Structure formats: C-alpha cells, structure tokens
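Structure first, commentary second.
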Amino acid sequence: MDYNFNEIEKKWQAYWKAHKTYKAENKSDKPKYYVLDMFPYPSGAGLHVGHPLGYIASDIFSRYKRHKGYNVLHPMGYDAYGLPAEQYAIQTGQHPAITTEKNIARYREQLDKIGFSFDWDREVRTCDPSYYKWTQWTFIQLFNHYYNLKTNKAESISELVAIFEKEGNRNVNASTTQLEVFTAETWNSMTEKQQQELLMHYRLTYLSDTMVNWCPQLGTVLANDEVVGGLSVRGGYPVERKSMRQWSLRISAYADRLLQGFENLDWSDSIKEIQKNWIGRSEGAEVDFKITKNLSPALSKGEGAAVPRYHTTNPLDWNVLKDHAKEMRKQPTEAENVLWQNIRANQLGFKIRRQQVISNYIADFVYISKKIIIEVDGKIHDFQKEQDESRTQELNKLGYEVIRFSNEEVLFDIEGVLTKIKSKLESKVLSFGEDLGEVIRIFTTRPDTIFGVSFMVLCPEHEVISSITTAEQKAEVETYLQWAKNRSERERQAEVNKITGVFTGAFAINPLTHEEIPIWISDYVLSGYGTGAIMAVPAHDSRDFAFARHFNLPIPQVILPTGEQPEDTSLWKESKDSKEGSCINSGFITGMNVKDGIKAVIDFVEKEGMGKRMINFRLRDAIFSRQRYWGEPFPVYYKEGMPYMLDESKLPLELPAVDKYLPTESGEPPLARAKNWKTDEGFPLECNTMPGFAGSSAYYLRYMDPRNDKEIFSKEANTYWQNVDLYIGGAEHATGHLIYSRFWNKFLFDLGLCVKDEPFQKLINQGMIQGRSNLVYRVVGTNQFVSYGIKNNFETQAIHVDVNIVDADILDTEKFRNWMPDFANAEFILENGKYHCGWEVEKMSKSLHNVQNPDDLVVKYGADTLRMYEMFLGPLEQSKPWDTKGIEGVFRFIRKFWKLYHDENNALCVTDEKATAAEFKVLHKTIKKITEDIERFSFNTAVSSFMICTNELNDLKCHKREIMQPLAVLISPYAPHLSEELWERLGNKESISTALYPICNETYLVENTFNYPISFNGKTRFQLEFPSDMAIADIEKAVLEHPDAQKWLEGKSPKKVIIVPKKIVNIVI
RNA sequence: GCCCUGGUGGUGGAAUUGGUAGACACGCAGGACUUAAAAUCCUGUGACCAUUGCGGUCGUGCGGGUUCAAGUCCCGCCCGGGGUACCA
C-alpha cells in the first residue's frame, strides 16, 4: 500500500509515548498556553464519534500553539464518579470502582489511537483518594469560611466568632440566613450546640432542609432525570417531594461576582446570557402586605376569635396564657398603667400591644412588627416566676429585643422613657426575611403596579398557608396542596395553560389602595424564587391575567402604553405589556412614567416602613449531598447532632466497602451500611456523599500540580499556569459545571490560593454530533422487508437497523439475516436488485443502532483521516449529523497529499529545485488562510483549504522542498502522524512538534488585476477584468462603454453607478 | 412555558466587514483505464424554461421592511436541537 497509515500511526504513537513529546514543564522561558477539554465521564459504552470532536479541535490548537513557540499544557483525566457505574453496581453487585477502572482503560485505548498530544503524566481521576483528598480539603475550607459583604470575599469563620464574642452580629454584613440581631452577651451565653447552629447560617457550606424527589419503594432519592411524570424510570414507582436535611453550598453569596466576572472573558454572548439568566439579578422592592382575616386582634376586643391573628406562640400555650394575659391587663401596676396611657392608641406612631403572649411568656408591652418588647420591672404580681435575665435571653433567641425600665423611671421621667422607646422603635430595622406571620412579604420588580394588584398568590409550600386558611376553605386548600405537592418545578412552569389554584379564604390589604384583596394559592408561583408569594397584577402580567380570567378576579389597568387610551379590561384577550408608558388609576403616581413611578413607590414604602429597595437573585444555593455510594465521602462527623470537620491530617477519608449499593431498609444512604463508619473517638461519620460537580469544579487547578501531596497545588505552578486559556466542551454545561467551577475558583482566589479570579479565559462550545439512523420496512405481519422506494405499496413498520451493516443506505441483506435471530429467515423485496434503507437524523444512541464508534474508522482509514474528517463535518460549534459517507473524500485527499511527496513506487520524490512564483503563491495563500482559520477556530474551512492547496499543487506537479517542507508543518496539527512521517522522510531528526510554524509572505500574494462582477440593479450579469489600481472614474467609463453593458442599459442612461474597488460594480437603471 | 441556538442543492457545508449564493467534499450521471472488480483519473451536476447555439426566470424555512445591493440588517411568524437546578 502506498500510504500505510496503520504502520505510520502505530510508529509515531509509540515514539511520542517513549519520548514524552508532549510533557509540559512547570518552569519554562516560553510563554504558557493552557488548553483544556471538559472532564469526560468514562461511560461503559466507550467513546463514540461525538466525544473526540472537541478533543480533536483542542488538540489541533495545542499543536498549533507548540509550533508557535508556546509551552502548552494539555492534560486529560476522568470525572470518574457518576450514576451509571452505581446503577450497574446495583444491578450486578460489581463494585463501581472496577467498572470505572475498566471503562477508563477502554477510554484511554481509544484516545491513544486518535493521536492526542495529552500530557498523560498529569492524568487525574476524581475517584482516586489522592485526588479527592483535595476535594474534601476544599469542603473543609468552605465550612470554615463565610462571605463578608463588606470586603466582598470569603473570610474565616474564626474571625467571625471573634466579632460575635465582642459585639454580636450588629455590625456584621455577611451573606447569611441569620436574620436576627444578637448581642455579644447572647452569643457568649449560648451553648456550643447553639453557637454551631447559628454559625450554620454563615458557613459557605451548611446543612439545611431541602426538597428532593423521594421514592419510597426504591428507598432512595432520584435525579430529575430518573423521574418521568411523577414515576421512577426504574420500576415505575410513585415519587414524592420530600424535605431532607442536606449539605448546601452558599453559592448565592457569590451571585454578584459571578455576574460581574464575565466582563473580560472571551465567551460567546449566548453562554454569558444563559449564565446571566441563571443568576437572574433583578432590581425591585420587597413589600409587606398585611393580612386582614379577623380584622381586629382577638385580645384587644376582649373576647374573641378562635384563632389568634398573630402567632406569637403555639396554639396550646396560647389558650392557657391568653387568659392570664387578660387577667393581668385588668390589674396593671401603677407604672404599667402610666406607660400604657402614654403609648396606647398609636400615640408614638407605633401600634403597641400590652400583655401580649410571646412564646410561653407574657410581655408587658410589645411592638410586634419590629419585635421589640418593653418591660417594666418591679411588678406586684408574679405570675411569671423566672428571672428577668433568663427571660430576656429566651426572648432574644426568638428574635425579640427587650428594653427595660424601672418603676421609678416610668413614674418620674415618663418623657425620657417615651423618647427612649420612640427612638428605639424608629431605629430598629428588621433584617430581611423576618416574618411574624402578620404580613405576607412579596418581591416585585414593578412596584409601580401595586395600585393594580387585585389579589395575591402564594406558592403551595408557603408557610403562612396553614395559619391564614379559613375553616370553610380548609378542605379545599388541603386537597389542592396534596395535588400540587409532587409536581416538579418544570411541570409547574411548562404547563401554563393549565390554570389551577385555590382560595384561602383570607384577605390582605393592598398597601397603597388599602383595599382588601383575596389571597390565593397556585403552583405557578415557585417557592424557590423571591419570597414564594406574589402580588398579582393581572392587567400587565400574562400569567396573573390568565389566573384572574379563570377565577373571575378583577383586572384593573394601571399602565397606559404611550399613545393609547384606557380600555375596558374585560374585553382584553391577554395582558398588556407594561414596560413603558404612564401610570393611571394609581393614586399619587398617576401620570408618572413607569420609571419614575417605580422610584416614587419604593421611596414611599420605605418611608412608611412597609418595604424596601431590594436586589433579588434567582441563583439558588447548590444542594451538595447525594444519597449515593459512588461519590466522595464528606470529611464530616456528628457530635450531638451537629456536624464537625475531620482534622486535615485524617484526609483523605476513604470510601468504605459496603455489602450492597442500595439504601438501608430505613432509607439511610448506602454508606450507612459500612462497618465502623465512625471516627476513632466513635462519632458517626456523614453517610451522604458529594455530587458529581464536587470533583469536577477545580480539576483544572489540580492539573497544574497533580502529584502534590502537601497542598492542592503549589503557588509556583499556579503562578506560572494562571488559568485555562482555551476551554472546549459542550454548551449543556453552561449552568452546571461552568457556574460551580467559577464559584469554586473564586473561593480559592479569596483564600489567596489561586492568582486568577476566573478559571476559563476563552470558552468554545462544540456542537453535538447526532446519529444518522437507517431504517428497514417490515411488511406488517410478515417477515418480508420492502425497499425504501416501494414501501408505500405495502403496510409497513419501520425498524431501526444497525448502521454498520448498511453501506450508502444499501442494506447488506446477508449481514442483516445474521444480525438478530428474528431476522434469520427474512425475505426482501428489492429495488433494482438492491435493498435501499430509509434514514433519519436523531440522537446517537445504542438503542437506535446508530452509534458510530471511532475505533472501526481508525482501523479502516487511520486516525489522521478521522481527525480531519471530524473537523471537515462543519463548524465546531454547530450540531451536525454523523455520516461516514463523506469520510472517503477526506481519505482520498490524505492519500493525494501523501502522493505530493512520493512517486509511483512510494519513494520520496521531493526535489531541491527552486519553486516558481505560482507555487509560492499557492503555499503562502494556504498559510495565510489556514492560520486565519485556526485563529478563529474554523477548522472545517481549514480542511477545505488543504484540499484546494493539494489540488493546485497536484495540477502544478510540484514536488519542491521549498514548498513541501513548510506544508508538512502546516498540516501537522491536523494530521500529526502523517506529518511526522513526512518530516522524518524529508531528513529531519527531531519530532515535527519542535518545528516552527511557517509565516505567510504577503509579497507572493499581490494581485495585479481584479475580476469585477458587473451588476445591474444588484443582479450580476457579466465580469470584466481591470487593473487593481485602476481609478474609479476610469472603471466606470470602461464598463459603460462595454458592448455587454450597452445591451443591459437598453439605451437608457444609468441613474447611478456604484463602484467599490476590488469588490463590485453596480449600475442602477 | 421560559432562556439559548440553528434552518442555504439529493447530503455535510462555504460565503470572515451588507458586495459574483452554492467554495470544498459526499452522492449521482457519463467517460477513460481493466477480462472484470477495486483503486485512480477526466467531464457534468440548485430548480424551472429554452436549447442547434446565444440565453432567460426563480432561488438561502415563511410573510413583510430597510438598502444601489440582503443568506448576512430590522419587524412578525413556522419548524428542529439544547438547557430548565440530582445525567454528565
């Protein structure tokens, strides 16, 4: 054979391995360039032709950069934890480590055959203890840090504790769910357990209750993927939403920085857009809507309603305590009475209650909205026996602030006391999220539309539902909640046409119109976004509109688009867009435009203390626990129910052996099956494992220094490699991996470990390769198969057939008979003696028998052909169907290319003759084109250019070294084996990877003439050649005088002549 | 539903900044070589009309618009693919 690719490819793969040709050094005088492929999961099916697409592109670029004089880091490893290996383990009992090891070996073999220039010395695997040691280590760091919003970075929890000890959390501005203010005294008096619980609200990784897909029959939690229509894919059992205590990552702390971080990154706008939407920053306001059910508080009326308006205690205690409270109100002390007479009836501008039941205490006076209790000491009655101090502490824990006055202060300095109370009430601002149940807090980006709010909607999970639902509505509400419980978020958002909801029986007050509005529940409101409650503006929001129509609720118009008149909304078919226009029917903002209206309303609600300006993010904290076996164990143990981190010296905490890869009978995760799964001291270890993204979030950093067992990576290695210059992978990672990695990187950056704030400088998203399936048509009820062209004469059933027994849509009928026992006796109805198959483009999948595996192609055509063909298929970023038909063309081209260097006897025929100008022109035109193409990652056009170049050199019969040697370097990133072989045959001693990239000499490319397309009214009619430097006026004259032009002008004189030098001539008639 | 993305011959695609639509390749047809096949080489190949030749009309998912000029820009639709928070 002329071009023996099998031999050549084997030879050079062995050479590269032996010489470690692609080993990257951490120290070099060369500039660095870091090229990375997205971490592959080694699946059991092995590599299919879709996988290498990105790898080939990144490999071409790596090799190109080496030729350009860079020290290139191009590593590869395995994201080895994952569900498929665990599923296989559950089914077969085989340890997932064995499955994974086997799959990796197969991957490696396949990767090697394609001739990638990876530095295999740097390989990492997420399931390797020496690797996950650092995943666990990072988790500990996350646990030991909180996010300081003042400095805008992660800082140590121990520094936070020091602040708490000195001054409480009053001056701390952190990303936290700890909303109540506490003092140093309160902190210092807490038990360790209480302190730990409180710190959970600050740590960057924390335990909290979150909703999961729970399948009781399987005893396990399922991924959204594993649930279809509320049933488990495996087994078809019912799946319900269940709350479970799990680790979360406080990624929301970084929301703003994740949003800002794009600025200087070379990512596509679309992927930035996806991340922006995912993070979902919106500006608006939080506004409290008061609930009006049982309009007056039960107690101030004396006798009262069955259910208290404000749940400041639990119902059991309430009934006991309220009688005492009433009793005490009748016999106040003198001081209490004096104070009450001065503060009652809103005299201070605040509605203060007396003898109010709070938990299991009765407070003298309380201002509920701001959680402030006013106590007067020295009571004559002693119904509550506890010490004032401990009482204060307990109330503090409930989030109340207690201010005390003595009898004397009240009796002799009432003015002073009132001033103090007033300033206290005015100054205290409740922290965000605090909710006593007396109001429903909503978030809105459009406060200007509050005047148009005609009802409210709560998500079915909203905690206030149980306390506001009226007795009459109770049954209906419960039925609805039961139904809504198991609907996934996606279903809830997707099925917008299906309007469901239920009325609670309760009403709220519109804070601006003061009208009573009904409170509904509907699953179109999501619990995960905003406050889980919305103010509905049916006139200007499509979903609110649909809901209002369905349940016959009022639809007041409040925004008037510019140039329109107010309309009767009952005639509307849909809501009206309200982004621009002026406010109508809107009280004090009537007449303002939307922008001013928003500002005016926010200013108003802030002044009135019923809301505040607010920036809301859609980004939610990431759930970090998985109830699985095959994942990183948490370096966590539990003491008194509180989690503690293992000492770093105990890392890695290795994954224990278990007898089965299933949950325990009691529903505990598989690790609960491990023997002695506890610390040396006997404390139980965490039984959950980490999710897939744990190990893949910082792997690119570990590649910089993968064998370091002292630290995650050395400062020197990181300072040299900085971050990834080029990252290639699928766009499906846009919201998962790419956000988690950025978060993880920013955290390590805050700790001063890595020097770059962003991990991936340039990102390219390769498109999917779809499969091209072949179909055969069985005549229904027979074993006869009819060819595609005549199938319509029969009633047929289309069956997917293995694409490997079909060539150019012609079925190999013999192979078909042998393919499956069912078809052994198949008969065929042929067209012209052949069986033509139908075809379809769809997902590449085993079940559709359209999987193309690269190994067979490498055997048949060689790796270089496969590499160039995959690039030739089309633009890297686009999805495209896989079809092997075209590979022949690339194979032909490669052999043609080989023949430029060889004669009929396969002997080198390259001469030292001087090349002609025409030959140089072909070479330099190609250098220019290929270089431009590679810089813009347009690999398909580069391959075309190589083909054109080869055709032209072939026509010129050129075999000259001056041309052929640079051309070998030019093609080496694409066809590395071929070019190494040619390079060696040309007499070079070192690997071609050390050769410098050829540079285009523009002087060969100068054109003296240009062939102008002559068009009339934009339609090209003929062409004329003119000197490149010909003056526009001369061209115009020459064109108009031309006989062909006269024909098109038909005697008319042109209205206009447009001449763009070296582009076009257009004559307007 | 929402967000992102794509739609050009029989097929994959090219047209990089608004300037000759269909480069390059597959497939197909015809031819050369051969006893034959494979391989290789040559010619043709968007559709329609005309055809002895010259040629003409239409044409980049659909409908409008901007422009001397639109695959490319703008508006409104249709269809495919991806993501939608535990697949990786």
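These numbers come from a predicted model, not from an experiment. Proteins get letters first, then strands, A, B, ... in listed order; numbering begins at 1 in each.
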Practice task
In whole angstrom, give me the gap between the C1' atoms of A14(B) and U20(B).
Solution key: 14 Å
Problem - Heavy-atom donor-acceptor pair, K929(A) side-chain to U16(B) base, under 3.5 Å - result: yes
Problem - I1059(A) CD1 - G19(B) C1' separation (whole Å) - result: 13 Å
Exercise for the section: Identify the nucleotide, in any strand shown, that forms a Watson-Crick or G-U wobble pair with U51(B), with both distances under 3.5 Å; if there is none, say none. Expected result: none
Problem - Integer angstrom distance from the P of G18(B) to that of A23(B) - result: 23 Å
Handout entry: Euclidean distance, atom NZ of residue K896(A) to atom P of C26(B) [Å, nearest integer]
Key = 9 Å
Practice task
Figure out the CD/P separation between E877(A) and G12(B), and round it to whole Å.
Solution key: 19 Å
Exercise for the section: For W1048(A), report the nucleic acid contact type (base, sugar-phosphate, nothing); a contact means any heavy atom under 4.0 Å. Expected result: sugar-phosphate
Problem - Sugar-phosphate, base or nothing in reach of H737(A), heavy atoms under 4.0 Å - result: nothing
Handout entry: Whole-Å C1' distance, G71(B) and A15(B)
Key = 9 Å
Practice task
Return the nucleotide paired to G71(B): Watson-Crick means purine N1 to pyrimidine N3 with N6-O4 or O6-N4, wobble means G-U with N1-O2 and O6-N3, both under 3.5 Å.
Solution key: none
Exercise for the section: Pick the P atom in G27(B) and in G12(B), then give their distance to the nearest Å. Expected result: 15 Å
Exercise for the section: Using a heavy-atom cut-off of under 4.0 Å over every strand shown, decide if L873(A) touches base, sugar-phosphate, or nothing. Expected result: sugar-phosphate
Exercise for the section: Scan V1057(A) against the nucleic acid and name what it touches under 4.0 Å (heavy atoms): base, sugar-phosphate only, or nothing. Expected result: nothing
Problem - N/O (side chain, R892(A)) to phosphate O (OP1/OP2, C26(B)) under 4.0 Å - result: yes
Handout entry: d(CD1, I948(A); P, A25(B)) in whole Å
Key = 7 Å
Practice task
Just name whichever nucleotide pairs with A88(B), Watson-Crick or G-U, keeping both distances under 3.5 Å, else none.
Solution key: none
Problem - Per R895(A) side chain, nearest of listed nucleotides C24(B), U16(B), U40(B) - result: U40(B)
Practice task
For residues F624(A) and F693(A), establish whether the separation of their ring centroids is below 6.0 Å.
Solution key: yes
Handout entry: Pairwise C1' distance, C42(B) and A47(B) [rounded to whole Å]
Key = 27 Å
Exercise for the section: Can you tell me the distance, in whole Å, between the CG atom of N1017(A) and the C1' atom of G56(B)? Expected result: 16 Å
Exercise for the section: Provide the Watson-Crick or G-U wobble partner of A21(B), both distances under 3.5 Å; none if there is no partner. Expected result: none
Exercise for the section: Taking atom types as modelled, find out whether N688(A) and Q246(A) have a side-chain donor-acceptor pair closer than 3.5 angstrom. Expected result: no
Handout entry: Among C4(B), C24(B), A14(B), the one nearest S944(A) by side-chain distance
Key = C24(B)
Practice task
Measure from the ring center of F1010(A) to the ring center of F1026(A) and say whether it is less than 6.0 Å.
Solution key: no
Exercise for the section: Quote, to the nearest angstrom, the P distance that separates C58(B) from G64(B). Expected result: 15 Å
Completion exercise
Taking A88(B), U20(B), C4(B) as options, the one with an atom nearest any side-chain atom of H733(A) is A88(B)
Exercise for the section: Starting from the 5' end of RNA chain B, give me the residue, S879(A) or S625(A), whose nearest nucleotide shows up first. Expected result: S879(A)
Handout entry: Flag for Y661(A)-Q87(A): side-chain donor and acceptor within less than 3.5 Å
Key = no
Exercise for the section: Answer with base, sugar-phosphate or nothing: what part of the nucleic acid does Q627(A) contact at a heavy-atom distance below 4.0 Å? Expected result: base
Problem - G-U wobble or Watson-Crick pairing nucleotide for C33(B) (cut-off 3.5 Å, both distances) - result: none
Practice task
Classify the nucleic acid contact of E888(A) as base, sugar-phosphate or nothing, counting any heavy atom under 4.0 Å across all strands shown.
Solution key: nothing
Handout entry: Same-atom distance (P) from G44(B) to G22(B), integer angstrom
Key = 15 Å
Practice task
Scan G82(A) against the nucleic acid and name what it touches under 4.0 Å (heavy atoms): base, sugar-phosphate only, or nothing.
Solution key: sugar-phosphate
Problem - Within 6.0 angstrom of D955(A) CG, more than 12 heavy atoms from elsewhere - result: yes
Handout entry: Atom-to-atom span, CZ of R626(A) to P of A88(B) - whole angstrom
Key = 8 Å
Practice task
Just name whichever nucleotide pairs with G44(B), Watson-Crick or G-U, keeping both distances under 3.5 Å, else none.
Solution key: C28(B)
Exercise for the section: Consider only side-chain N and O atoms of E877(A) and N765(A), and report whether a donor and an acceptor are under 3.5 Å apart. Expected result: no
Exercise for the section: Return no unless some side-chain N or O of N940(A) is found under 4.0 Å from OP1 or OP2 of C24(B). Expected result: no
Exercise for the section: With a 3.5 angstrom cut-off on both distances, give the Watson-Crick or G-U wobble partner of G80(B), or none if there isn't one. Expected result: U5(B)
Practice task
Rounded to the nearest angstrom, tell me the gap between atom CG in L953(A) and atom C1' in C24(B).
Solution key: 16 Å
Practice task
Spell out yes or no: do the side chain of N1066(A) and the base of C68(B) have one donor N/O and one acceptor N/O closer than 3.5 Å?
Solution key: yes
Handout entry: Whole-Å distance separating the CE atom of M868(A) from the C1' atom of C24(B)
Key = 12 Å
Exercise for the section: Give one of base, sugar-phosphate or nothing for L619(A), where a contact means two heavy atoms less than 4.0 Å apart. Expected result: base
Exercise for the section: Please step through side chain to side chain donor-acceptor pair (under 3.5 Å) for the pair D541(A) and S575(A), ending with a clear verdict. Expected result: CA-CA 6 Å; D541(A) 178 278; S575(A) 61; over 6 Å; no
Practice task
Mind checking N213(A) for me? I need base, sugar-phosphate or nothing, with any heavy atom below 4.0 Å counting as a touch.
Solution key: nothing
Practice task
Taking atom C1' in both G59(B) and C2(B), compute the distance separating them and give it to the nearest angstrom.
Solution key: 36 Å
Exercise for the section: Flag this pair as yes if the NZ/CZ of R867(A) is under 6.0 angstrom from the six-membered ring centre of Y869(A) and inside a 45 degree cone about the axis; otherwise no. Expected result: no
Handout entry: Listed nucleotide nearest any side-chain atom of D79(A), set A15(B), A88(B), G19(B)
Key = A88(B)
Practice task
Would you mind classifying the nucleic acid contact of P40(A) as base, sugar-phosphate or nothing, using non-hydrogen atoms under 4.0 angstrom?
Solution key: nothing
Practice task
Would you indicate what V212(A) reaches in the nucleic acid, counting non-hydrogen atoms under 4.0 angstrom: base, sugar-phosphate, or nothing?
Solution key: base
Handout entry: U57(B) OP1/OP2 closer than 4.0 Å to side-chain N/O of R1021(A)
Key = yes
Problem - Sugar-phosphate only, base, or nothing, as touched by F872(A) at under 4.0 Å among non-hydrogen atoms - result: base
Exercise for the section: Assign Q275(A) to base, sugar-phosphate, or nothing according to its heavy-atom contacts below 4.0 angstrom with the strands shown. Expected result: nothing
Exercise for the section: Tell me the partner of U16(B), counting only Watson-Crick (N1-N3 plus N6-O4 or O6-N4) or G-U wobble (N1-O2 and O6-N3) with both under 3.5 Å; none if nothing fits. Expected result: none
Practice task
Assign G9(B) to syn or anti; the rule is syn for a glycosidic angle within 90° of 0 and anti otherwise.
Solution key: syn
Exercise for the section: Classify the angle between the aromatic ring planes of F897(A) and F893(A) as parallel (below 30°), tilted (30 to 60°) or perpendicular (above 60°). Expected result: tilted
Handout entry: Donor-acceptor pair under 3.5 Å, Q246(A) side chain vs C86(B) base
Key = yes
Problem - Centroid separation Y524(A) to F547(A) less than 6.0 Å - result: yes
